[in-house]
A.B. asks: 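My questions all concern the structure below.
Each chain gets a letter, A, B and so on, in the order its sequence line appears, and its residues count up from 1.
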Amino acid sequence: MSRIKKAFENKKAFIPFITCGDPDIETTESIVNEVIKAGADLIELGIPFSDPTAEGPVIQAANVRALKNGITTDKIFELTKRLREDTEIPLVYMTYANVVYSYGSERFIGKCSEIGIDGIILPDLPFEEKDEFSDICKEKGVDLISLIAPTSRQRTAMIAREAEGFIYLVSSLGVTGQRDRIDTDLSPIIKTIKENTDIPCAVGFGISDPTQAAGMAALSDGAITGSAIIRIIEEYGREAPAHVGAFVKSMADAVHSA
Amino acid sequence: MRKKGRFGAHGGQYIPETLMNAVIELEKAYDHYKEDPDFNRELNTLFNEYAGRPSRLYFAKKMTEDLGGAKIYLKREDLNHTGSHKINNVLGQALLAKKMGKTRLIAETGAGQHGVATATAAALMGMECVVFMGEEDTKRQALNVYRMRLLGSEVISVTTGTATLKDAVSEAMREWTRRIDDTHYCLGSVMGPHPFPTIVRDFQSVISREIKEEIMKREGRLPDAVIACVGGGSNAMGSFYHFIEDRDVKLIGCEAAGRGIDTFETAATINTGRSGIFHGMKSYFCQDEFGQIAPVYSISAGLDYPGIGPEHAFLHDTGRAEYVPVTDEEAVNAFEYLSRTEGIIPAIESAHAVSHAIKIAPKMSRDSIIVITISGRGDKDCAAIARYRGENIEE
């Protein structure tokens, strides 16, 4: 059984997102270890991109900080390798198509497979364009995670049928970041997804407190939180790991009891 | 079936899933209306009565005599309403958006020409309008910011990244994912996800259609070269399009080299970039070894973009068009030259094309013909060029 599949086995999953290299690679390593201890079920590691068009201001700023501090794809590969020595938690990269393509898709995905990355999320890669990446991913045994949005409508079934790993369901319109509330009625979308695939479906975008996380996890198979974590890192910098750990524990507990 | 909007290896639709149905609907609407006689009649009336088309093809006699080589014609897109070629695409897209039931236009702008054109069309058609513009560009193109506001648009100053055109595009894309139902993203160049490169090219192709008709009337033959400046590449694509099949017509795109293609302060994508995926398309981009998009530079806000439209990338690959770098200094010299020689102040963007013509015309025979597209007028640039020359004038 794949590590991703295991993360959702008989439970709802809480999935934190962390931008690698913000504020520096050592802090990222400590944060990852803290969130594992705090009960995270799967971790999204963000590889910074200069122009992250799907991100709101909080994650954009984290990308800027990380790149300014000299983070590179190669340094993130090294970090991942170190992390993988001590943990079996599923790890997925979240980045933009150009980061993979420009590195050489074969080379990038091959590296992922070698160092124990379980999946890749590329928010600027829709269904129509996925083949050039998914063919390599299949060959290397890395799941290319598909996103479904409230605007997907007739596309939902088509995407779900070819999805791998888990489905990232975007909670609402817009970019990543905090929302006061999520108005989208996700139930019909999740129903369509479930009719077309057996793989789990986690909801992300704008989930910033335990109540929201529990609500989303109750509807689906898990909840994803990014910006709320990045804000803690922004506030505490190198002192962030313990604070992030405490926050992730509250989120994971809420999701696990949903 | 899957791979849509490809120009060789380039193009495609690399955008968030949230936007996919919006571009699919846009494609369907465009495919329908481009064949619709009423739509085309309406657009042609707007082109003619509102924008002032056809634009003039002017024989630059003094410039021709001064350079002593090829006959030089100027395609005067600067004479269009709003002062640039941008209005061609905007009238088309605004009309299309209106037919689709959209009530709000958003746009990115670099030099402000596309923003002004979009604000104009929005005013004309009674639509709401929001323009995203890099903070850096709002400073160097302050006059255009005022024009947009005067036309009833909101101008949002973008402070992220390099605070220039690429960041304005990113922010407009983010805004579109927030609000799709009533909003059309009026993209200003032959770039972005399919169907934009095709739609913008088609609306801009009126430029080459007119050049062809007029030059056949005047000279009885096709030109030897068509020269246009290239940022994203809309005026160049419009100027080239109807000549692509005419293999004897050289197509030359002039990229902004900034302080030189051997420096980091350049925006010459074909000359310094490599294949990448950004802003919805696969094309050539200025980027580092890890695919981080480079902070490009040019004196011209309209050419200060790290990518190029996918059809240009294809024309480059096949060798059908040639892309040459032109530095700030060369462009400013050409800006001054055309003003002095012909009494025409070109946009600093267009001055890049003028500069290359100045280089090659003297080497060509007197019976050869060059057409330069003057994509816009240079009033907006006067203060910045004065500053470049060390003179501080009040705008």
A.B. asks: Calculate, to the nearest 0.5 Å, the distance between atoms CZ and CG belonging to B/F285 and A/D51 respectively.
C.D. replies: 10.0 Å

A.B. asks: Do side-chain atoms of A/N98 reach the backbone of B/F278 as a donor and acceptor pair under 3.5 angstrom?
C.D. replies: no

A.B. asks: Distance check, rounded to the nearest 0.5 Å: A/I71 atom CD1 versus B/Q292 atom CD?
C.D. replies: 10.5 Å

A.B. asks: Where does A/V175 contact chain B at under 4.5 Å (heavy atoms): side chain, backbone, both or neither?
C.D. replies: both

A.B. asks: Mind listing the closest non-hydrogen atom pair of A/F49 and B/G291 along with its distance?
C.D. replies: CE1-O, 3.2 Å

A.B. asks: Using only atom types and a distance under 3.5 Å, with no angle test, would you say the side chain of A/S50 pairs donor to acceptor with the backbone of B/I293?
C.D. replies: yes

A.B. asks: Supply the atom-to-atom distance B/I24 CD1 to A/Q154 CD, rounded to the nearest 0.5 angstrom.
C.D. replies: 6.0 Å

A.B. asks: Taking the side chain as every heavy atom from C-beta outward, state whether A/R155 and B/E17 have any pair of such atoms under 4.5 Å apart.
C.D. replies: yes

A.B. asks: Could you look at B/S275 and say if it's the side chain, the backbone, both or neither that has a heavy atom under 4.5 Å from chain A?
C.D. replies: both

A.B. asks: To the nearest 0.5 Å, how far apart are OG1 in B/T160 and CG in A/N63?
C.D. replies: 11.5 Å

A.B. asks: Chain B: which of A/L122, A/V64, A/L67, A/I148 shares the most heavy-atom pairs with it under 4.5 Å?
C.D. replies: A/L67

A.B. asks: Counting N and O atoms only, with roles assigned by atom type, does the side chain of B/T18 sit under 3.5 Å from a partner on the main chain of A/L173, one being a donor and the other an acceptor?
C.D. replies: no

A.B. asks: Do you know which two heavy atoms are closest between B/Q13 and A/E129, and how far apart they sit?
C.D. replies: N-OE2, 2.7 Å

A.B. asks: Going from OH on A/Y101 to OH on B/Y14, what distance comes out if it is rounded to the nearest 0.5 angstrom?
C.D. replies: 7.5 Å

A.B. asks: Determine the minimum heavy-atom distance between B/R174 and A/P52, stating which atoms define it.
C.D. replies: NH2-O, 2.7 Å

A.B. asks: Given side chains that start at C-beta, do those of A/T72 and B/E289 come closer than 4.5 Å, heavy atoms only?
C.D. replies: no

A.B. asks: Let me know if A/D74 has heavy atoms under 4.5 Å from chain B in its side chain, its backbone, both or neither.
C.D. replies: both

A.B. asks: Need one label for B/D181: side chain, backbone, both or neither, based on atoms under 4.5 Å from any heavy atom in chain A.
C.D. replies: neither

A.B. asks: How about A/S102 and B/R274: do any of their side-chain heavy atoms sit closer than 4.5 Å?
C.D. replies: yes

A.B. asks: Measuring only between side-chain heavy atoms, which start at C-beta, is B/M20 closer than 4.5 Å to A/T151?
C.D. replies: no

A.B. asks: Taking C-beta and beyond as the side chain, do B/K282 and A/E132 meet within less than 4.5 Å on heavy atoms?
C.D. replies: yes

